[in-house]
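Please read the structure below before turning to the comments.
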Amino acid sequence: MSETAKIELGGNVYEFPVIEGTENEKAIDISNLRAATGYVTLDTGYKNTGATTSAITFLDGEEGILKYRGYPIEELAEKATFIEVAYLLIYGNLPTQLQLDTFRSNITKHTLVHEDMKQFFEAYPAKAHPMGVLSSMVCSLSTFYPESLDPNRSPEAKDLTILRLLAKLPTLAAWAYKNSMRHPFMYPKNEFDYCKNFLYMMFAMPTEEFKVDPVVVDALNKLLILHADHEQNCSTSTVRIVGSSQANLYASISAGISALWGPLHGGANQEVIEMLEKIHADGGDVDKWVLKAKDKEDPFRLMGFGHRVYKNFDPRAKIIKKACDDILEKLGVNDPLLAIAKRLEQVALEDEYFKSRNLYPNVDFYSGIIYKAIGIPTEMFTVMFAIGRLPGWIAQWKEMTENKEPIGRPRQIYTGEVLRHYDSIENRK
Ligand code: CMC
């Protein structure tokens with residue numbers, strides 16, 4: 001007989017099935033718990049709750065393992081292109097040459113955004129944070145493609161929406177930046193690949209010839225792959241839960257972008273650089289800032305450190321740390337922030353506070369230094385994360401719709417007043 005879990009409540013014993021994933025992860029399936037017992041489970045922050053079964057990404061936080069569709073992240077970061085990885089995540093397998101060519105050419109057909117959207121950009125103040133602009137622009141795409149509003153219309157319609165979004169996100173992201181500079185928008189150049197095209201739209205000027213170092217294009221490709229999926233994190237769960245109400249893809253991804261923006265999630269990459277700059281401006285006394293991070297009275301946290309699921313080194317951080325050294329050397333950049341970051345990492349890793357809590361550098365700790373070296377402005381760092389995460393969000397949304405998952409609707413334990421009666425305003429204290 002397969003394994004079960006027994007729960008004893010009020011003298012009764014209830015049995016629940018144990019389910020096992022392909023990597024031997026185990027879960028107690030409590031989907032029948034409330035019906036059987038009248039109880040719910042309570043798990044604030046979902047630290048122990050599996051919200052779904054998924055065949056996309058596997059990660060083992062204790063061992064520091066991350067795989068997309070079974071492929072180790074190290075291999076993909078070393079050998080693949082971002083577009084291959086996007087295909088892999090969304091459609092389940094690495095593409096054949098023909099599939100890849102078709103996928104690429106379909107994406108390039110949709111890189112333009114509707115001319116009317118330019119007016120939306122122009123209405124934003126120059127100081128608008130690009131994540132706010134990006135989230136709104138992605139949701140706005142739904143107004144231009146009303147046929148996308150029904151996510152279950154047909155597999156072909158779903159694929160078209162996916163292609164449009166993959167194609168347009170870099171254009172929207174680059175235009176958010178151009179608008180903040182009040183520079184002219186650069187239209188996509190479809191002879192360039194995905195990463196080079198984005199860099200072109202970000203940095204080219206109509207008056208100058210566009211040149212980009214292939215080292216920069218490779219670095220961007222690697223960073224986007226490393227960010228492409230991370231199973232049921234905050235933004236992905238947001239995408240899935242918004243999508244579970246059968247909201248369209250654009251609305252669901254727009255919500256994911258908003259969730260990513262927070263400093264505890266994707267917003268940490270911007271916070272890391274700002275923290276390193278502050279430490280640098282303050283004289284570079286790393287020990288002082290480590291003390292601050294440990295002080296429970298001080299709200300300061302070491303940004304880029306710690307992770308909800310990695311209790312060992314984040315495998316992405318290992319790859320990024322090495323890439324960071326390589327890229328800075330190849331580009332001949334000498335960034336004092338890198339020296340501070342390395343010192344901070346060394347001090348923290350030897351410190352009992354960080355050791356006992358398994359706090360290691362995460363993906364955001366070194367990524368900002370690379371983005372800075374390749375000329376991406378700090379406020380755009382989280383936007384870069386969003387471009388990287390897009391295929392993962394899409395894959396998760398697609399899987400959720402294909403599995404016909406029910407609407408996401410957690411329970412709660414109510415702790416408020418039991419019953420009160422309306423008082424006229426004169427009688428209120
Ligand atoms: N600096 C100092 N102390 C920390 C840090 C940190 N960065 N992270 C966790 N702690 C402490 C925390 O105070 C707590 O201590 P205690 O047990 O004494 O109360 C303990 O470690 C556990 O922390 P937690 O907040 O309960 O852990 P969590 O799993 O809820 O939070 C986290 C994970 C990533 C939000 C948190 O580690 C953090 O705030 N890190 C800094 C922000 C950051 O770098 N975020 C990017 C995450 S990776 C990119 C992504 O996928 O989004």
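Everything numeric here is computed off the predicted structure, so don't read it as measured data. Residue numbers start at 1 and run along the sequence shown. All ligand and atom numbering here is 1-based and tracks the order in the structure.
- Checked against a 3.5 angstrom limit, the closest N/O atoms of Ala268 and ligand 1 fall outside it.
- Counting protein heavy atoms only, atom 48 (S) of ligand 1 is closest to His307 CD2, 3.4 Å.
- Residue Ala293 approaches ligand 1 through these ligand atoms, each under 4.0 Å from one of its heavy atoms: 2 (C).
- For Phe354, no nitrogen or oxygen atom sits less than 3.5 Å from a nitrogen or oxygen atom of ligand 1, counting backbone and side chain alike.
- From the protein, the heavy atom lying nearest to atom 42 (C) of ligand 1 is Met303 CE, 3.5 Å.
- Proximity of atom 52 (O) of ligand 1 to the protein is indicated by at least one non-hydrogen atom lying closer than 4.0 angstrom.
- A salt bridge does not link Asp285 to Arg343: none of the charged side-chain nitrogens sits closer than 4.0 Å to a carboxylate oxygen.
- Nearest to atom 49 (C) of ligand 1 among the protein's heavy atoms is Asp364 OD2, 3.1 Å.
- Residue-to-ligand polar distances place Leu302 within reach of ligand 1: an N/O pair is separated by less than 3.5 Å.
- Salt bridge Glu399/Arg240: present, at least one basic N to carboxylate O contact under 4.0 Å.
- Residue-ligand proximity, Gly266 to ligand 1, at heavy-atom distances under 4.0 Å covers atoms 52 (O).
- Ring planes of Tyr145 and Tyr250: tilted class, angle from 30 to 60°.
- Considering backbone and side-chain N/O of His230, none are found under 3.5 Å from N/O of ligand 1.
- Relative to atom 33 (C) of ligand 1, the option among Arg389, His227, Arg308 with the closest non-hydrogen atom is Arg308.
- Numbered from 1 in the order shown, with element, the atoms of ligand 1 that lie under 4.0 Å from a heavy atom of Lys47 read 26 (O), 30 (O).
- Taking atom 11 (C) of ligand 1 as the reference point, the nearest protein heavy-atom neighbour is Tyr353 OH, 3.5 Å.
- Note on ring orientation: taking the six-membered ring where Trp is involved, the planes of Phe120 and Phe144 are tilted (angle from 30° to 60°).
- When ring centroids are compared, Phe313 and His307 stay outside the 6.0 Å threshold.
- Using the six-membered ring where Trp is involved, Tyr91 and Phe103 have ring planes that are perpendicular, over 60° apart on the 30 and 60° scheme.
- Rounding to the nearest 0.5 Å places CG of Leu338 at 9.0 Å from CG of Leu276.
- In this structure, Ser367 and Phe381 have side chains that are not in contact, with every pair of non-hydrogen atoms separated by 4.5 Å or more.
- Residues Ile253 and Leu169 are not in side-chain contact: their nearest non-hydrogen atoms beyond the backbone lie 4.5 Å or more apart.
- The atoms of ligand 1 that sit less than 4.0 Å from any heavy atom of Gly304 are 43 (C), 44 (O).
- Salt-bridge formation is not detected for the pair Arg301/Glu271: no Lys NZ or Arg NE/NH1/NH2 atom is positioned less than 4.0 Å from an Asp or Glu carboxylate oxygen.
- Around atom 24 (P) of ligand 1, the closest heavy atom drawn from His265, Lys294, Arg316, Arg301 belongs to Arg301.
- Comment: Lys79 does not engage Glu84 in a salt bridge, judged by the lack of any side-chain N to carboxylate O separation of less than 4.0 angstrom.
- Note: Phe192 and Phe210 have tilted aromatic rings, judged against thresholds of 30 and 60 degrees for the angle between ring planes.
- Taking atom 34 (C) of ligand 1 as the reference point, the nearest protein heavy-atom neighbour is Gly306 O, 3.7 Å.
- Proximity of atom 22 (C) of ligand 1 to the protein is not indicated, since no non-hydrogen protein atom lies closer than 4.0 angstrom.
- Considering all non-hydrogen atoms of both residues, Ser252 and Ala247 come closest at OG-O, 3.7 Å.
- Judged purely by atom type and a 3.5 angstrom limit, His227 uses its side chain to pair as donor or acceptor with the backbone of Leu223.
- Heavy atoms of Phe300 come nearer than 4.0 angstrom to ligand 1 in no pair at all.
- Distances from ligand 1 to the non-hydrogen atoms of Glu271 include no value under 4.0 Å.
- Between the choices Asn358, Leu359, Asn362, Val363, the shortest heavy-atom distance to atom 10 (N) of ligand 1 belongs to Leu359.
- Nearest non-hydrogen protein atom to atom 41 (C) of ligand 1 is Phe305 O, 3.4 Å.
- The proximity of Phe365 to ligand 1, defined as any non-hydrogen pair under 4.0 Å, does not occur for either the backbone or the side chain.
- Both tests hold for Arg357 against Tyr353: distance to the six-membered ring centre under 6.0 Å, angle to the ring axis within 45°.
- At least one N or O atom of Leu264, backbone or side chain, sits closer than 3.5 Å to an N or O atom of ligand 1.
- In terms of N/O distances under 3.5 Å, ligand 1 is approached by Lys296.
- Those atoms of ligand 1 with a heavy atom of Arg357 less than 4.0 angstrom away are 11 (C), 15 (O), 16 (P), 17 (O), 18 (O), 20 (C), 21 (O).
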